[in-house]
Amino acid sequence: MPEGNSPATSTAAASPGSNATAGAPAPAGRGQGAPKALAKDTTAGMLFGIGAYVLWGLLPLYFFILMPAGAVEIVANRVVWSLLFCALLITVTRAWRVLAAALRDRRVFGSLALAAFLIAINWLTYTYGVTTGQAVETSLGYFINPLVSVLLGVLVLKEKLRPLQWSAVGVGFVAVGVLTYSYGKLPWIALTLAFSFGLYGFVKNRVGSRVDAITSLSVETMVLAPLAAVAMVVLAASGSSTLTSQGAGHFWLLLSSGVITAVPLLFFGASARRLPMTTIGLLQYFAPVLQFLVALLVFREAMTAARWIGFGVVWLALLLLTLDMLGRARRNSVARKAALRQAA
């Protein structure tokens, strides 16, 4: 699923699958052409961002057409073919030296290895949820992920929250309680997705300025590839593999998982370099909204009244968080303009 990288303290968490590091837009240039160049760059960033989140939002449809392949087989193929696709990208971009430097740096490699296992947990949980008729709950995981990111800021970074952020976190806890009642159990799929992705974003943020998106994805898939290859061999030996038993179409669909994994990551990286984190934070809601709609309209999953109430409470928490984010961005903008006037 949406995989991404964002600061733990930001509500702008990227969606399932992104390994890119978000950053401020690069200067567009000076002189009269600067505003036009900046506007063009912003438009491109919006298009790339929407493209990334729409692809992540429609990912359940891809997993659906891969059935009867199970979660382990899908994720194993995704890792192995992503590694081959990354090798191709690194060759084309002539970035083998950059990859070698990342592998030699113990701090970078250790962080990316930890990130790899966190995203593997995220991918397995997400794929399991979609392929077992629980896509609604998987969308819930990415709806509550921004709340988890804020909570990690308090628990790990010891940050102080603003009033609206505290309100959002409190409403989020109420939502989990309502949803636990509606499901008759703790929504463990949603919570596992939210916390694994939140921790993944936190780890990636610690190392984000030292490694680019392609190198990061390559190292992570290199760490997971031996385990994925073993899983594929075990599945084939036990007769459980569908890679070569479901026809040529199924075979090529599984092989395409590398491209399907990498393309939205590259789109997200291109967007994050052009847009501020506030905009990325708003775009991120495209993915869970689309996942939710796919679960309801395509997979026809049931939504009881209690679940609608629970989701409504989650959306209220996200509204509070978004209002806080927009308010802070507006205050920062006013402060920057005042500073520029004083400097002039």
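Computation of the quantities below employed the complete heavy-atom set of this structure, encompassing side-chain atoms and omitting hydrogens, waters and symmetry-equivalent molecules.
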Quick one: do V108 and L112 satisfy side chain to side chain contact (heavy atoms under 4.5 Å, CB included)? Show the steps, please. CA-CA 6 Å; V108 169; L112 292 179; 3.9 Å; yes
Given F292, which of Y285, F299, F311, Y142 fulfils the ring pair (Phe, Tyr, Trp, His ring centres under 6.0 Å) condition? F311
ILVMFWY network linking V178 to I144, side-chain heavy atoms under 4.5 angstrom: no
Between L321 and V150, which heavy-atom pair has the shortest distance, and what is it? CD1-CG2, 3.9 Å
Begin with the C-alpha distance, continue with both residues' side-chain angles, and end with the deciding distance and a verdict on side chain to side chain contact (heavy atoms under 4.5 Å, CB included) for V294 and Q291. CA-CA 5 Å; V294 167; Q291 294 163 22; 5.8 Å; no
Which residues share a side chain to side chain contact (heavy atoms under 4.5 Å, CB included) with [X], sequence neighbours left out:
X    : answer
A115 : Y200, V203, K204, E220
I50  : V54, L283, F286
R97  : none

With distance as the sole test, does [X] use its side chain to make a donor-acceptor pair with the main-chain N or O of [Y] at under 3.5 Å?
X    : Y    : answer
T125 : N122 : no
T180 : V176 : yes
S245 : S241 : yes
T215 : D212 : no
S271 : G45  : yes
T221 : S218 : yes
E137 : I189 : yes

Would you say the side chains of R78 and T261 form a donor-acceptor pair under 3.5 Å? yes
With sequence neighbours left out, write down each residue that passes side-chain hydrogen bond (donor to acceptor under 3.5 Å, both in side chains) with Q134, or none if nothing qualifies. T132
T242: side-chain hydrogen bond (donor to acceptor under 3.5 Å, both in side chains) partners, not counting sequence neighbours: E73, H250
Exactly one of V313, L316, V314 clears side chain to side chain contact (heavy atoms under 4.5 Å, CB included) with V174, and that residue is V313
Could you go through L66 and N77, starting from their C-alpha distance and side-chain angles, then the distance that decides it, and tell me whether this counts as side chain to side chain contact (heavy atoms under 4.5 Å, CB included)? CA-CA 11 Å; L66 287 178; N77 277 272; over 6 Å; no
Is there side-chain contact between S257 and I74, with at least one heavy-atom pair below 4.5 Å? no
Going by salt bridge (Lys or Arg N to Asp or Glu O under 4.0 Å), name the pairs with one or both residues in residues 99-112, residues two or more places apart or in two chains. D105-R210
Under the side chain to side chain contact (heavy atoms under 4.5 Å, CB included) rule, what do W315 and L318 come out as? Steps first, then yes or no, please. CA-CA 5 Å; W315 295 331; L318 292 178; 4.3 Å; yes
